[in-house]
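Have a look at the structure below before the remarks.
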There are 2 protein chains.
Amino acid sequence: MPEKESLKRNIHSELALFSNYLKRQGLKITNQRLLVAEKIFNETSHFTVDSLADSLKDRKGEISRATIYRIISLLIGSGQLTEHNFGENMKYYEHSHSSEHHDHIVCLDCRRIDEFVAPNIEKIQEKVAEENNYILTEHSLILYGNCKLLKEKGSCPRKNQDTGKF
Amino acid sequence: MPEKESLKRNIHSELALFSNYLKRQGLKITNQRLLVAEKIFNETSHFTVDSLADSLKDRKGEISRATIYRIISLLIGSGQLTEHNFGENMKYYEHSHSSEHHDHIVCLDCRRIDEFVAPNIEKIQEKVAEENNYILTEHSLILYGNCKLLKEKGSCPRKNQDTGKF
DNA sequence: TTTGATGCAAAACGTTTGCACGGCA
DNA sequence: TGCCGTGCAAACGTTTTGCATCAAA
C-alpha cells in the first residue's frame with residue numbers, strides 16, 4: 001500500500017471527522033483537542049498516556065494529563081481510538097485506522113507488539129458466540145511469546161532501555 | 001461429568017499440592033494460607049480480590065487484603081491460580097483446574113462470564129505465532145457481547161447490582 | 001456573554017510494601 | 001529460638017474529579 005502519502009492525507013480527514021463529532025455533540029473545538037488528536041493520528045503504533053504526554057511536552061504550553069485523559073475518552077467515543085489491555089497496569093491505545101481488524105502478539109522479552117490478521121479465527125469466534133447464545137460485539141485476542149530472532153541473539157536490545165514498564 | 005463429588009475430592013488434593021509447594025519452597029504452612037487456598041478452590045467461577053475478601057469476612061479473624069494478595073501470588077506460583085484481565089481496572093482470578101484450557105465470553109449487559117473451548121482457534125494461534133517468528137507461551141482470548149436470552153427479557157437482573165465498571 | 005474546557009491539586013482505585021509484632025517450625 | 005508471615009498503614013502508579021479560571025461560540 002502507498003504509505004506516507006495516504007497517511008498524511010488521512011490525518012486531515014481524521015481531524016475533520018473528529019471536529020464533526022465534537023460539533024455534533026455540542027462540544028467545543030479547542031487547541032488542546034486538535035493538538036492531542038493530531039498527535040494521536042500521527043502515532044504509527046501503540047502508545048500509553050505516559051508516552052503521549054512525553055511526546056507532547058515540546059509543544060508550546062504543555063497539555064495536562066487530565067486533559068489528555070479527557071480527550072482520549074472523546075476519541076474513543078468518536079470511534080477513532082481503541083483501548084487495549086495487554087495485561088499491565090496501564091492501558092495502551094491505538095489509532096483505529098479504517099483498515100482491516102487485527103489482533104496482537106506481544107513479546108515477553110522486549111514488549112514489542114506485532115499485529116496480525118486471522119480471518120479464520122474471526123469466523124470461529126462468531127460460531128462460538130452463536131453456540132453460547134451471545135451476540136458478539138467485540139473481542140480481544142492477545143498472544144504472548146518470545147520473538148525467535150531475539151532468542152537467537154540472546155536478548156533484545158530494547159529489553160534494557162526499559163522504561164520500567166512494558 | 002460427576003460434579004459435586006469430584007469437586008470435594010479435588011479440593012483436598014489441591015490443598016495437598018499447595019502444601020507441598022510451600023514446603024518445597026521452604027515456606028510455612030499457616031492458617032491464613034490454608035483458609036484462603038481452600039476458599040479459592042471452592043470457588044466455582046471467576047472472582048476478584050474484593051469478592052474473595054468479602055466471602056472471607058465471616059471467618060474467625062478477618063484476613064487482611066495484604067495477606068490475600070500475597071497468598072494469591074503464591075497460588076499463581078504453584079500453578080493453581082490463573083489471572084485474567086477482562087478489560088476492567090481490576091484483575092479476575094480463576095482456580096486453574098487441571099481440565100482442558102478454555103477461553104472466555106463476557107456479557108456486556110450483566111458481566112456474566114462463560115467459558116468455551118475452541119481447539120481450532122488454538123491451532124491457528126500456533127500457526128500465527130510461527131508465521132510471525134514467535135514462540136508462543138500463552139494467550140488471552142476474550143469475546144464480548146450480549147446474552148441472547150437476556151436480550152429477549154429486556155435486561156438482566158444482575159445488570160442493576162452494578163459496580164459501576166465495564 | 002454564556003457555557004463548556006482546562007489546569008491544578010487532591011481524591012480515588014486497586015495493588016504493593018515497610019515495619020513491628022506474632023506464630024510456625 | 002529463629003525466622004517467616006501477618007496486619008496495619010502508608011506508599012504506589014494510573015486514572016478521575018472538584019473547583020476556580022479561561023476561552024470557544
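Here is the naming used below: chain letters follow the sequence lines, and residue numbers restart at 1 for every chain. Atom set for the values below is all heavy atoms of this structure, side chains included, hydrogens, waters and symmetry mates excluded.
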Task: Length of the CD-P vector between B/Q32 and D/dG7, whole Å - done: 5 Å

Task: Distance in angstrom units between A/Y92 OH and D/dT14 P, rounded - done: 10 Å

Task: Whole-Å distance separating the CG atom of B/L74 from the P atom of D/dC4 - done: 14 Å

Task: Parallel, tilted or perpendicular: rings of A/Y92 and A/F86 (30°, 60°) - done: tilted

- [ ] Let me know the distance between CG of A/N89 and C1' of D/dC12, rounded to the nearest Å.
- [x] 10 Å

TODO: With DNA chain C as reference, determine whether B/I29 or B/Y93 sits nearer its 5' end, using the nearest nucleotide of each.
DONE: B/Y93

Task: Distance, rounded to the nearest Å, where B/R70 contributes CZ and D/dA9 contributes P - done: 14 Å

- [ ] Would you please confirm or rule out a distance under 4.0 Å between OP1 or OP2 of C/dG7 and any side-chain N or O of A/T67?
- [x] yes

- [ ] Give the ring-plane orientation class for A/F18 versus A/F41, where under 30° counts as parallel, over 60° as perpendicular and anything between as tilted.
- [x] perpendicular

Open item on the list: I want to verify a distance call: between C/dA5, D/dG7, D/dT6, whose nearest atom is closest to the B/R33 side chain?
Closed with: D/dT6

- [ ] Give the rounded distance in Å between these two atoms: CZ of A/F18 and C1' of C/dA5.
- [x] 12 Å

Task: Phosphate-side-chain proximity, B/Y69 and C/dT15, N/O vs OP1/OP2 below 4.0 Å - done: yes

Open item on the list: Can you see if the side chain of B/T30 gets near the phosphate of C/dG23 - specifically, an N or O under 4.0 Å from OP1 or OP2?
Closed with: no

TODO: Spell out, as yes or no, whether a donor-acceptor pair under 3.5 Å connects the side chain of B/Q80 to the backbone of B/E14.
DONE: yes

Task: Cluster overlap B/L35 with B/L17, hydrophobic side-chain contacts below 4.5 Å - done: no

Open item on the list: Among C/dG7, D/dA24, D/dC4, which nucleotide has an atom closest to any side-chain atom of B/L27?
Closed with: D/dC4

TODO: Under 4.0 Å between any heavy atoms, over every strand shown, what does B/R65 touch: base, sugar-phosphate, or nothing? Just pick one.
DONE: nothing

Open item on the list: Count I, L, V, M, F, W, Y as connected when their side-chain heavy atoms are under 4.5 Å apart, and connections chain through other members. Are B/V128 and A/V128 then in the same cluster?
Closed with: yes

- [ ] Between C/dT15, C/dA5, D/dT15, spot the one nearest the side chain of B/V49, thanks.
- [x] C/dT15

TODO: Give the rounded distance in Å between these two atoms: CD1 of A/I72 and C1' of D/dT16.
DONE: 13 Å

- [ ] Tell me which of B/I68 and A/A66 sits closer to the 5' end of DNA chain D, going by the nucleotide each one is nearest to.
- [x] B/I68

TODO: Measure the distance from NZ on B/K91 to C1' on C/dT15 and round it to the nearest whole Å.
DONE: 7 Å

Task: Donor/acceptor link under 3.5 angstrom from A/K28 side chain onto base of C/dT3 - done: yes

